[in-house]
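Naming convention: chains lettered A, B, ... in sequence-line order (proteins, then strands); numbering from 1 in each chain. The figures here come from the full heavy-atom set of this structure, side chains too, leaving out hydrogens, waters and symmetry mates.
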There are 2 protein chains.
Amino acid sequence: METNWLTKDELAAWVRLYTVVELLPNVLDSQLRRDADLTSFEYYVLAMLSEAPDRTLRMTALAARTSATLPRLSHVVKRLEARGLMERFPCPEDRRATNARITDDGWRKILEAAPGHVANVRSHVIDALTPEQLGQLRGIADALLGKLDPDAAMAPLYRRHDVTA
Amino acid sequence: METNWLTKDELAAWVRLYTVVELLPNVLDSQLRRDADLTSFEYYVLAMLSEAPDRTLRMTALAARTSATLPRLSHVVKRLEARGLMERFPCPEDRRATNARITDDGWRKILEAAPGHVANVRSHVIDALTPEQLGQLRGIADALLGKLDPDAAMAPLYRRHDVTA
DNA sequence: TAAGGTTAGTTGTCGCAACAACAAACTTCG
DNA sequence: CGAAGTTTGTTGTTGCGACAACTAACCTTA
């Protein structure tokens with residue numbers, strides 16, 4: 001099997017993407033850590049709940065929306081529950097299942113954290129790009145997600161605000 | 001301070017980028033783990049060394065090229081050294097400094113791991129994009145790196161193959 | 001040449017993620 | 001009905017990354 005090495009242009013694009021993927025999580029995490037004592041994963045767990053009907057989601061659904069495995073989510077939710085930011089209760093319809101709900105404290109926490117997080121995203125990502133590049137980025141990311149997430153397991157996250165027309 | 005929330009288009013692009021950033025490391029790591037018993041970070045450490053003159057770099061230079069902090073690199077190198085894939089020796093010019101060099105075993109390891117890694121990158125990233133999108137991606141990533149890496153600390157990595165003209 | 005400050009690197013501790021093993025509840029089908 | 005298999009979620013262990021504290025060496029400048 002002959003290796004199909006990357007061309008110069010492919011390598012240039014790839015290495016830059018790789019570097020972005022390496023640096024971006026740090027930028028997000030350190031701001032949220034500092035200003036709200038949340039990891040970016042915890043932030044998105046709370047954010048997904050805050051958007052859900054009744055501020056409630058089943059663990060499996062929440063795991064899908066945050067690209068987490070169930071064990072990982074379980075640990076994180078336990079910590080957030082200990083901090084009073086969310087709560088769990090058995091699902092009435094399916095006694096195997098657990099519902100996760102954001103508490104009022106969690107709601108306040110996310111409201112208070114959101115502006116700083118958005119400002120951070122804006123200054124590091126959005127403002128760096130022209131409107132044209134923003135559209136290109138959406139197309140590129142969609143193409144990549146087709147390969148990275150072939151079952152569209154995370155589609156509820158990244159397609160949640162699409163127009164249905 | 002009024003929050004400047006994201007527009008619908010900005011949010012769409014951002015959420016997709018975020019999802020890619022969340023999923024991509026897993027795709028890279030699991031292939032390298034499985035096929036070569038290396039994390040993607042370890043792979044790039046060895047790869048940077050294999051490209052360096054005399055297959056050697058000072059720890060600080062290696063840290064810059066891999067976006068690692070010095071403590072992190074130190075731990076990782078200790079493990080790679082224990083596995084015989086690289087070695088450290090004092091720098092003659094500056095007795096504070098340590099040189100890191102890839103061993104013959106490490107060289108063989110990276111040669112053996114590269115084809116699978118490249119094939120993985122190709123199938124999950126490169127092949128998902130049109131040539132036009134590949135060029136756009138490079139421009140977008142460059143713009144982002146201007147914000148994420150303002151001091152261009154990682155430039156030796158992502159600019160290493162640029163044409164000098 | 002000696003003191004203050006900076007740079008290079010290592011080590012120790014803590015927290016989180018991955019993985020595997022497990023328990024409990026649902027579902028299917030003979 | 002009941003046994004096999006699947007889905008849902010939790011827990012325990014292991015390993016890596018972040019951060020802080022530390023040592024050692026270099027570089028000023030008085």
Within this structure, what is the CG-to-C1' distance between A:L73 and C:dC19, rounded to whole angstrom? 16 Å

Measure up the A:Y43 and A:H117 rings against each other and bin them: parallel (under 30°), tilted (30 to 60°), perpendicular (over 60°). tilted

To the nearest 0.5 angstrom, please state how far the CZ atom of A:R79 sits from the CG atom of A:L85. 12.5 Å

What's the CZ-C1' distance between A:R88 and D:dT10, to the nearest Å? 8 Å

Counting only side-chain nitrogens and oxygens, does B:R95 get under 4.0 Å of the OP1 or OP2 atom of D:dA25? no

Please tell me which of the listed nucleotides, C:dA18, D:dA18, C:dC16, lies nearest to the side chain of A:R79? C:dC16

Sugar-phosphate only, base, or nothing, as touched by B:S74 at under 4.0 Å among non-hydrogen atoms: base

note: A:Y44, atom OH; C:dA17, atom C1'; distance rounded to Å ~ 19 Å

Is it the case that D:dG12 (base atoms only) and A:H75 (side chain only) share a donor and an acceptor within less than 3.5 Å, ignoring hydrogens and angles? yes

Distance, nearest 0.5 Å, that separates CG of A:L23 from NZ of B:K147: 15.0 Å

Measure from the side chain of A:D94, starting at C-beta and using heavy atoms only, and say which of C:dC26, D:dC26, D:dT11 lies closest. C:dC26

N-O pairing of B:R16 and A:D142 below 4.0 Å: yes

Toward the 5' end of DNA chain C, by each residue's nearest nucleotide, A:E42 or A:R96: A:E42

Among C:dT11, D:dT8, C:dA17, the one nearest any side-chain atom of A:R72 is C:dA17

Residue pair B:R72 / B:F41, side-chain heavy-atom distance below 4.5 Å: yes

Whole angstroms only, please: what is the CD-P distance between B:E93 and C:dG9? 12 Å

What's the CG-P distance between A:L80 and C:dG15, to the nearest Å? 15 Å

Check every atom of C:dT11, D:dT11, C:dA17 against the side chain of B:K78 and return the nucleotide holding the closest atom. C:dT11

Whole-Å gap separating P (C:dA8) and CG (B:L57): 14 Å

Do the side-chain N or O atoms of B:N26 get closer than 4.0 angstrom to the phosphate oxygens (OP1, OP2) of C:dA17? no

Whichever of A:P92 and A:P71 has the more 5' nearest nucleotide on DNA chain C, that residue is A:P71

How many whole angstroms separate atom CZ of A:F89 from atom P of D:dT8? 17 Å

Counting side-chain heavy atoms from C-beta on, which of D:dT8, D:dC16, C:dG15 comes nearest to A:R33? C:dG15

Can you check the B:E22 CD to C:dA17 C1' distance for me, whole Å? 11 Å

